[in-house]
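Okay, so here's the structure we're looking at.
To find a chain, count down the sequence lines: A is the first, B the second, and so on, and within it residues start at 1.
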Number of protein chains: 2
Amino acid sequence: MMVSTKGRYALRVIIDLAQHKDEGYVSLKSISERQKISLKYLEMIAASLNRAGLVQSQRGKEGGYMLTKPAAEYTVGAVLRAAEGDLAPVSCLDCGENTCERADSCITLPMWQRLDGLINGYLDSVSIEDMLKGEL
Amino acid sequence: MMVSTKGRYALRVIIDLAQHKDEGYVSLKSISERQKISLKYLEMIAASLNRAGLVQSQRGKEGGYMLTKPAAEYTVGAVLRAAEGDLAPVSCLDCGENTCERADSCITLPMWQRLDGLINGYLDSVSIEDMLKGEL
DNA sequence: ATAATTCCTATGATATAACTGGGAATAGCG
DNA sequence: CGCTATTCCCAGTTATATCATAGGAATTAT
């Protein structure tokens with residue numbers, strides 16, 4: 001599995017925030033109830049999104065999270081990478097580090113690289129707004 | 001990671017068999033030495049490929065494995081699926097079982113389905129012979 | 001018979017995923 | 001000021017998957 005629950009949940013968080021973007025800061029508690037994801041797990045995911053600058057937070061009472069830009073400017077790829085790290089389909093391609101000693105002679109490497117390009121290209125071409133509008 | 005060592009090794013086994021297709025049955029011991037993969041691990045992988053009908057085996061002395069068809073007729077997708085099971089990028093799509101109770105209302109599902117189609121389409125379009133020839 | 005092989009089942013070791021828990025820091029509100 | 005709702009931080013836990021390894025039975029050419 002290339003994308004775990006962490007990434008899928010992150011996507012749902014961003015979508016939820018987009019759907020409630022006119023309500024000021026949205027608390028994780030409310031997202032937790034709507035999305036049926038535990039508050040504690042959401043905290044971890046929100047922290048990743050925050051670190052990546054995809055959301056902004058407000059602490060204290062009446063606090064929560066909101067998007068930092070319009071939904072059209074979020075790509076699925078960017079959200080998943082913020083939550084999951086790299087989206088490489090094989091470890092050979094992870095983080096650009098090509099530590100495999102047989103890389104030079106590996107006849108499968110070009111195939112993996114093309115696959116990786118295909119996956120990232122597609123995920124970066126789909127925006128959150130596309131999904132909200134059902135435009136796929 | 002979508003493709004683990006099991007799948008990558010399976011690919012290397014098929015490639016190795018293709019490279020030695022004129023030498024009769026090829027033993028796992030020889031593949032093990034060439035590919036630097038433990039014999040015991042190879043046994044598991046070869047068993048999967050055998051069950052899927054991608055290779056045929058001969059037991060006993062002078063035994064081993066050989067391909068059941070020309071290299072051009074093996075796709076990367078078929079080999080990986082034989083070794084790994086499903087290649088779905090998210091568990092939602094695994095094995096066609098869509099047990100997610102929010103599937104009907106899930107606005108991300110069409111995106112995952114397209115991604116899955118893209119990945120499998122590409123992997124099924126590349127043959128072992130393509131890689132051997134460096135035609136990518 | 002012997003040696004080389006596949007075949008079968010079980011076990012262990014390590015890593016990753018998927019959460020859970022406790023509590024500190026912050027900020028609005030009465 | 002005191003209360004409460006929230007994010008923030010870090011650590012611990014459990015479950016599952018990955019990556020093998022181990023031992024031995026069955027088979028077959030020589």
What is the distance from [atom1] of [X] to [atom2] of [N], rounded to the nearest Å?
{"X": "B:Lys29", "N": "C:dA3", "atom1": "NZ", "atom2": "P", "answer": "14 Å"}
{"X": "A:Asp86", "N": "C:dT16", "atom1": "CG", "atom2": "C1'", "answer": "16 Å"}
{"X": "B:Met66", "N": "C:dT6", "atom1": "CE", "atom2": "C1'", "answer": "14 Å"}
{"X": "A:Leu28", "N": "D:dC9", "atom1": "CG", "atom2": "P", "answer": "13 Å"}
{"X": "A:Lys36", "N": "C:dC19", "atom1": "NZ", "atom2": "P", "answer": "15 Å"}
{"X": "B:Ile45", "N": "C:dT6", "atom1": "CD1", "atom2": "C1'", "answer": "15 Å"}
{"X": "B:Glu33", "N": "C:dT5", "atom1": "CD", "atom2": "C1'", "answer": "13 Å"}

Quiz item: Within the side chain of A:Tyr74, is there an N or O that forms a donor-acceptor pair under 3.5 Å with the backbone of A:Leu54?
Solution: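 Looks like yes, one N/O pair under 3.5 Å.
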Quiz item: Does A:Thr75 use its side chain to pair, donor to acceptor, with the backbone of A:Val126 at less than 3.5 Å?
Solution: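 Side chain of A:Thr75 to backbone of A:Val126, a donor-acceptor pair under 3.5 Å: no, none is there.
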Practice problem: Output all residues satisfying side-chain hydrogen bond (donor to acceptor under 3.5 Å, both in side chains) with A:Glu84, sequence neighbours left out; order by chain, then residue number. | Solution: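 Here the qualifying residues are A:Ser4.
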Quiz item: Reckon B:Tyr25 touches a base, only the sugar-phosphate, or nothing at all at heavy-atom distances under 4.0 Å?
Solution: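 B:Tyr25: no heavy atom of the nucleic acid under 4.0 Å.
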Quiz item: At what distance, to the nearest 0.5 angstrom, does CZ of B:Arg12 lie from OG1 of A:Thr108?
Solution: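 Rounded to the nearest 0.5 Å, the CZ-OG1 separation comes to 8.0 Å.
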Practice problem: First locate atom OG of A:Ser91, then atom CE of B:Met2, and finally report the distance between them rounded to the nearest 0.5 Å. | Solution: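 Going from the OG atom of A:Ser91 to the CE atom of B:Met2 covers 12.0 Å.
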Quiz item: If two hydrophobic side chains count as joined below 4.5 Å and joins carry through other members, does A:Val3 share a cluster with A:Met44?
Solution: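 Shared cluster, yes.
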Exercise. Check whether any side-chain nitrogen or oxygen of B:Ser27 sits under 4.0 Å from OP1 or OP2 of C:dT6, and answer yes or no.
Key: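 No, no such contact exists.
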Quiz item: Would you say C:dC7 has OP1 or OP2 under 4.0 Å from some side-chain N or O of B:Asn50?
Solution: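 Looking at the OP1 and OP2 atoms of C:dC7, one of them is under 4.0 Å from a side-chain N or O of B:Asn50.
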Can you name the atoms? Protein N/O to nucleotides 28-30 of chain C N/O, anything below 3.5 Å, with the distance.
from, atom 1, to, atom 2, distance (Å)
C:dG28, OP1, A:Gln58, NE2, 3.2

Quiz item: By side chain to side chain contact (heavy atoms under 4.5 Å, CB included), which residues pair with B:Asp116, not counting sequence neighbours?
Solution: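 So B:Asp116 forms a side chain to side chain contact (heavy atoms under 4.5 Å, CB included) with B:Ala88, B:Pro89, B:Leu93, B:Asn120.
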Could you go over nucleotides 14-22 of chain D and give all protein N or O partners under 3.5 Å, atom names and distances?
from, atom 1, to, atom 2, distance (Å)
D:dC19, OP2, B:Ser4, OG, 3.2
D:dC19, OP2, B:Thr5, N, 3.1
D:dC19, OP2, B:Thr5, OG1, 3.0
D:dC19, O5', B:Thr5, OG1, 3.3
D:dA20, OP2, B:Tyr9, OH, 3.4
D:dT21, OP2, B:Ser38, OG, 2.7

Quiz item: Hey, what else clusters with B:Met66 if you join Ile, Leu, Val, Met, Phe, Trp, Tyr whenever side-chain heavy atoms sit under 4.5 Å?
Solution: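 For the cluster that includes B:Met66, the remaining residues are B:Tyr25.
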Exercise. Could you name each residue pair satisfying side chain to side chain donor-acceptor pair (under 3.5 Å) that touches residues 37-50 of chain B, not counting sequence neighbours?
Key: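 The answer is B:Thr5-B:Tyr41, B:Asn50-B:Ser57.
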